Amino acid sequence: MKFDRNILITGGAGFIGSCVVQFMVKKYPNYRIINLDKLTYAGNLENLVSVEGESNYEFVKGDILDQPLVESIMRDKQVDGVLHLAAESHVDRSITNPDEFVMTNVLGTLTMLNAAKAVWNGDFDNKLFYHISTDEVYGSLGETGAFTEDTPYDPKSPYSASKASSDHMVRAYFNTYDFPIVISNCSNNYGPFQFPEKLIPLAINNLKTGKPIPIYGEGLNIRDWLYVEDHARAIDMIFHNGKPGETYNVGGHNEWKNIDLINLLCDIMDRKLGKEDGACRSEITYVADRLGHDMRYAVDSSKLSGELGWEAKENFRERLEETIDWYLENESWLENVTSGDYAKYYEEKYG
Ligand code: NAD
Ligand code: TYD
């Protein structure tokens with residue numbers, strides 16, 4: 001079959017990547033979507049059962065650091081668009097093991113750039129390398145304001161430093177080689193299929209399995225939460241209509257103090273688990289703060305709304321409730337991802 005476009009998505013078996021893969025495979029039957037993923041602890045083919053048999057979807061297990069592999073996929077499949085999401089993505093893990101973040105996020109992105117540049121070989125017509133990044137590259141906000149595309153980079157954690165470094169390299173390829181790139185920097189995502197090391201699925205899983213909810217410091221840190229499908233829609237719009245060389249911020253206009261968010265989650269969980277009011281809140285346990293913990297993130301996405309017409313559509317309370325239902329209903333998914341190494345990770349991190 002001849003496809004209108006051949007798109008390589010990296011990290012498509014992870015939380016956001018699997019949502020983007022499903023979104024693109026279903027919306028564009030005339031595009032071939034090739035998913036390259038190493039299947040680290042965070043990558044899981046169970047996230048993709050809904051597209052497994054689709055004729056416009058292909059999976060390749062492999063490492064973004066393997067340049068000959070990336071080049072051969074790009075050549076053989078005549079890839080004209082790259083959506084680069086593969087990364088190490090958890091701040092806490094970056095604090096204990098920064099080297100791995102430099103390998104995957106910095107050198108991995110460089111390898112992807114080099115592979116695409118070699119294969120496209122100066123013929124950049126209708127080609128695009130789209131690098132998916134995070135708002136954390138901008139650092140930490142005080143009580144007011146929001147990150148815009150002009151906010152100077154000021155990453156504070158090994159994770160955000162590695163993402164910032166990769167963003168700079170992607171931009172340098174545009175500036176130096178006219179290589180066609182676009183970047184987006186998004187706020188915290190939530191939704192189904194998120195690995196339960198991140199706050200929301202960790203809290204749900206702990207309540208479900210009778211463990212306390214660890215809240216770092218005083219729980220006053222603020223994050224701007226966006227439903228993962230809203231992010232996938234933004235990625236689709238930016239991929240198709242974003243201007244090469246540009247950066248677009250993506251955010252939820254939905255700031256929550258960690259403790260307020262967890263209180264809300266606990267109240268919903270009381271109902272779902274048939275417990276008396278306040279039972280889940282009593283599982284909240286304040287623990288030592290994360291090292292270098294960023295205080296507040298908030299994203300100004302007015303450039304994206306003004307230029308491309310994107311808005312966060314999803315209602316937070318409704319989607320949070322649905323997300324909780326999903327984790328409660330998908331017991332075997334949760335059990336599968338928390339078996340094996342997860343117990344060791346949890347024990348080492350939380351004791
Ligand atoms: P994730 O950790 O859930 O998934 C990462 C995926 O990348 C996994 O499937 C993993 O197997 C794969 N991967 C890791 N190393 C690889 C390698 N060397 N080669 C091939 N595949 C590899 O991450 P996520 O939360 O879905 O985040 C996806 C992207 O979006 C990341 O680049 C992240 O920085 C960015 N982002 C995430 C958030 C968020 O809230 N989760 C917010 C903004 C931006
Ligand atoms: P996380 O989901 O790890 O995302 P990020 O660090 O990329 O924003 O954490 C979200 C917030 O929740 C952050 O302020 C750290 C805090 N947090 C806890 O209080 N306890 C936890 O067990 C975890 C994982 C996070």
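Just follow the structure's listing: the first ligand is 1, and inside any ligand the first atom is 1. What you see is a predicted model, and the numbers here were worked out from it, not measured in a lab.
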Review point. Thinking salt bridges, do Glu88 and Arg93 make one under a 4.0 Å N-O criterion?
Key: no
Study note, to complete from the structure: To atom 43 (C) of ligand 1, the nearest of Ser184, Ser166, Cys186, Ser162 on a heavy-atom basis is Cys186
Point to revise | NZ/Lys349: more than 12 non-hydrogen atoms of other groups inside 6.0 Å | key: yes
Exercise for review: Return yes or no for this condition: an N or O of Lys163 is under 3.5 Å from an N or O of ligand 1.
Suggested key: yes
Point to revise | atom 5 (C) of ligand 1: nearest protein contact (heavy atom, Å) | key: Ala87 O, 3.4 Å
Check your understanding: Which ligand 1 atoms are under 4.0 Å away from a heavy-atom of Ser133?
Key -> 43 (C), 44 (C)
Point to revise | N-O pairing of Asp230 and Lys313 below 4.0 Å | key: no
Review point. Any idea which protein heavy atom is nearest atom 3 (O) of ligand 1, and the distance to it?
Key: Phe15 N, 3.0 Å
Check your understanding: Would you say ligand 1 has an N or O under 3.5 Å from any N or O of His231?
Key -> no
Check your understanding: Considering distance alone, does some N or O of Ile64 sit under 3.5 Å from an N or O of ligand 1?
Key -> yes
Point to revise | Which of the ligand 1 atoms, numbered from 1, are nearer than 4.0 Å to a heavy atom of Ile132 | key: 30 (O), 32 (O)
**Study point:** Qualifying residue, where the test is side chain to side chain donor-acceptor pair (under 3.5 Å) with Asn185 and the options are Asp167, Asp135, Thr247
**Key:** Asp167
Practice item. Note the single closest protein heavy atom to atom 10 (C) of ligand 1, along with its residue, its atom name and the distance in Å. Key: Thr40 OG1, 3.3 Å
**Study point:** Aromatic ring pairing Tyr41/Phe195, orientation class (parallel under 30°, perpendicular over 60°, tilted between)
**Key:** perpendicular
Review point. Taking 4.0 angstrom as the limit, do Arg319 and Glu314 come out as a salt bridge?
Key: yes
Point to revise | Non-hydrogen side-chain atoms of Tyr248 and Met237 separated by less than 4.5 Å | key: no
Check your understanding: Would you say Gly12 touches ligand 1, if touching means a heavy atom closer than 4.0 Å?
Key -> no
Check your understanding: More than 12 foreign heavy atoms under 6.0 Å from CD of Glu46: is that the case here?
Key -> yes
Exercise for review: Consider every N or O of Gln194 and every N or O of ligand 1, then say whether any pair is closer than 3.5 Å.
Suggested key: no
Study note, to complete from the structure: When distances are taken from atom 4 (O) of ligand 1, the protein heavy atom at minimum range is Gly14 CA, 3.4 Å
Review point. Which ligand 1 atoms does Gly62 reach within 4.0 Å, using its non-hydrogen atoms?
Key: 19 (N), 20 (C)
Check your understanding: How close do Thr104 and Ile64 get, heavy atom to heavy atom, and via which atoms?
Key -> O-CD1, 3.6 Å
N/O donor-acceptor pairs under 3.5 Å from side chains in residues 116-126, not counting sequence neighbours:
| residue | atom | partner | partner atom | Å |
| --- | --- | --- | --- | --- |
| Trp120 | NE1 | Val79 | O | 2.8 |
| Asp123 | OD1 | Asp125 | N | 3.4 |

**Study point:** Test item, Tyr190 contacting ligand 1 (heavy atom, 4.0 angstrom)
**Key:** no
Practice item. Look only at interatomic distance and state if Leu85 has a nitrogen or oxygen under 3.5 Å from any nitrogen or oxygen of ligand 1. Key: yes
Check your understanding: Among the heavy atoms of Asp63, does any lie under 4.0 Å from an atom of ligand 1?
Key -> yes
Review point. Which ligand 1 atoms does Tyr159 reach within 4.0 Å, using its non-hydrogen atoms?
Key: 33 (C), 34 (O)
Review point. Is there a salt bridge (Lys or Arg N to Asp or Glu O under 4.0 Å) between Lys77 and Glu58 once you walk through the steps?
Key: CA-CA 10 Å; Lys77 317 268 182 203; Glu58 293 175 21; 2.7 Å; yes
Study note, to complete from the structure: By side-chain contact (heavy atoms from CB on, under 4.5 Å), Asn221 pairs with (sequence neighbours left out) Arg223, Asn258, His293, Met295
N or O contacts of ligand 2 with protein under 3.5 Å, please list pair by pair.
| residue | atom | partner | partner atom | Å |
| --- | --- | --- | --- | --- |
| ligand 2 | 2 (O) | Leu199 | N | 2.9 |
| ligand 2 | 3 (O) | Arg290 | NH2 | 3.0 |
| ligand 2 | 4 (O) | Asn188 | ND2 | 3.3 |
| ligand 2 | 6 (O) | Arg290 | NH1 | 2.5 |
| ligand 2 | 6 (O) | Arg290 | NH2 | 3.3 |
| ligand 2 | 7 (O) | Glu136 | OE2 | 2.6 |
| ligand 2 | 8 (O) | Asn188 | ND2 | 2.9 |
| ligand 2 | 8 (O) | Arg223 | NE | 2.7 |
| ligand 2 | 12 (O) | Asn258 | ND2 | 3.4 |
| ligand 2 | 14 (O) | Arg223 | NH2 | 3.3 |
| ligand 2 | 14 (O) | Asn258 | ND2 | 2.9 |
| ligand 2 | 14 (O) | His293 | NE2 | 2.7 |
| ligand 2 | 19 (O) | Tyr216 | N | 2.9 |
| ligand 2 | 20 (N) | Pro214 | O | 2.8 |
| ligand 2 | 22 (O) | Pro214 | O | 3.4 |
| ligand 2 | 22 (O) | Tyr350 | OH | 2.7 |

Study note, to complete from the structure: Of all protein heavy atoms, the one nearest atom 40 (O) of ligand 1 is Asn189 N, 2.9 Å
Exercise for review: Give yes or no for whether the N/O distance cutoff of 3.5 Å, strictly under, is met between Leu36 and ligand 1.
Suggested key: no
Revision key, fill the gap. So the atoms of ligand 1 within less than 4.0 Å of a heavy atom of Ser187 turn out to be 42 (C), 43 (C)
**Study point:** Under 3.5 Å: N/O of Lys38 near N/O of ligand 1
**Key:** yes
Review point. Atoms of ligand 1 less than 4.0 Å from Asn188 heavy atoms?
Key: 40 (O)
Check your understanding: Judged by modelled atom types alone, do Asp92 and Tyr216 share a side-chain donor-acceptor pair under 3.5 Å?
Key -> yes
Revision key, fill the gap. Heavy-atom proximity to atom 37 (C) of ligand 1, picking from Ile16, Asn185, Val20, points to Ile16
Exercise for review: Please state whether the rings of Trp333 and Trp326 are parallel, tilted or perpendicular, taking 30° and 60° as the class boundaries.
Suggested key: perpendicular
Review point. Who's the nearest protein heavy-atom neighbour of atom 9 (O) of ligand 1, and how far?
Key: Asp37 OD2, 2.6 Å
Practice item. Ignoring hydrogens and angles, tell me if any N or O in the side chain of Gln22 forms a donor-acceptor pair with the backbone of Asn47 under 3.5 Å. Key: yes
Check your understanding: Which atoms of ligand 1 are found less than 4.0 Å from any heavy atom of Leu39?
Key -> 11 (O)
Point to revise | Salt-bridge contact Lys344-Glu347 (side-chain N to carboxylate O under 4.0 Å) | key: no
Exercise for review: Measure the shortest side-chain to side-chain distance between Ile183 and Arg171 over non-hydrogen atoms and say whether it is less than 4.5 angstrom.
Suggested key: yes
Revision key, fill the gap. Phe147 meets the ring-ring contact (aromatic ring centres under 6.0 Å, His included) criterion, sequence neighbours left out, with Tyr138
Point to revise | pair Leu273-Leu328: side-chain heavy atoms closer than 4.5 Å | key: yes
Practice item. Check ligand 1 against Thr104 and write out every atom of the ligand that is under 4.0 Å from a heavy-atom position of the residue. Key: 15 (N), 18 (N)
Point to revise | Nitrogen or oxygen of Ser89 less than 3.5 angstrom from that of ligand 1 | key: yes
